[in-house]
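Here the structure comes first, spelled out in structure tokens, and everything after it is commentary.
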Amino acid sequence: MAARREFLKLGLAAAVQAAGPAPSPKASTTLKPVAPPRRFRFEEATVVELGVSMAKGDLTSSALTHAYLDRIAAVDRGAAGLRSVIETNPAAERIAASLDAERRAGRIRGPLHGLPILVK
């Protein structure tokens, strides 16, 4: 128990040191208002939900792929400049369209048919 307390003390000391000095009381503490980010339509969608939407014809692979590419452009390559997505497939939209054509023809490869993926 004592070793754990010592570890926590050291961690707290390191965090305080990393945070730097506290701002002076005269420093402005007002934050600029930031508009809340627009909620991404597929933010919490599951693979099953997306598959059901595609099976019902409410969603296409092309539309989903386009939405995710737009999301990557806005969040990863936008003002924040995260650059965590190294590369996207330049043929992604063409591939999505061909998978939509397969679905319309009744050929479904499996539960992930037409769902875009991101490998990290």
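In what follows, residues are counted from 1 in the order of the sequence shown.
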Qualifying side-chain hydrogen bond (donor to acceptor under 3.5 Å, both in side chains) pairs, either residue in residues 56-67, two or more places apart: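 Listed by first then second residue: Ser62-Asp100, His66-Asp70, His66-Glu93.
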Ala45: side-chain contact (heavy atoms from CB on, under 4.5 Å) partners, not counting sequence neighbours: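 So Ala45 forms a side-chain contact (heavy atoms from CB on, under 4.5 Å) with Phe42, Glu49, Leu50.
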Contacts of type side-chain contact (heavy atoms from CB on, under 4.5 Å), residue Arg94, not counting sequence neighbours: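 Only Ala91 meet the side-chain contact (heavy atoms from CB on, under 4.5 Å) criterion with Arg94.
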Contacts of Glu44 that satisfy salt bridge (charged side-chain N to carboxylate O under 4.0 Å, His left out) - sequence neighbours left out: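 Once residues adjacent in sequence are excluded, the partners of Glu44 under the salt bridge (charged side-chain N to carboxylate O under 4.0 Å, His left out) criterion are Arg39.
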All salt bridge (charged side-chain N to carboxylate O under 4.0 Å, His left out) counterparts of Arg104, not counting sequence neighbours: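 None.
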Smallest separation among heavy atoms of Val85 and Arg77, with atom names: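 Scanning both residues completely, I find the closest heavy atoms to be O-NH2, 2.8 Å.
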Cluster check Val52, Val47: I/L/V/M/F/W/Y, side chain < 4.5 angstrom: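 Unlinked, Val52 and Val47 end up in two clusters.
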Apart from Ile108 itself, residues in the same hydrophobic cluster as defined by side-chain heavy atoms under 4.5 Å: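 When side chains under 4.5 Å apart are linked, Ile108 ends up in no cluster with other residues.
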Remaining members of the apolar cluster that contains Leu69, side-chain heavy atoms under 4.5 Å: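 Hydrophobic cluster check, Leu69: no partners found.
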Show me, pair by pair, the donor-acceptor contacts under 3.5 angstrom made by side chains of residues 112-120, not counting sequence neighbours?
from: His113; atom 1: ND1; to: Arg109; atom 2: N; distance (Å): 3.2
from: His113; atom 1: NE2; to: Leu99; atom 2: O; distance (Å): 3.0
from: Lys120; atom 1: NZ; to: Ser84; atom 2: O; distance (Å): 2.6

Side-chain donor/acceptor of Arg103 to backbone N/O of Gly57, under 3.5 Å: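 No, because the side chain of Arg103 does not come within donor-acceptor range (under 3.5 Å) of the backbone of Gly57.
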All pairs passing ring-ring contact (aromatic ring centres under 6.0 Å, His included) where residues 67-103 contributes a residue, at least two apart: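 For residues 67-103, and leaving out neighbouring residues, the ring-ring contact (aromatic ring centres under 6.0 Å, His included) pairs sorted by first residue read Phe40-Tyr68.
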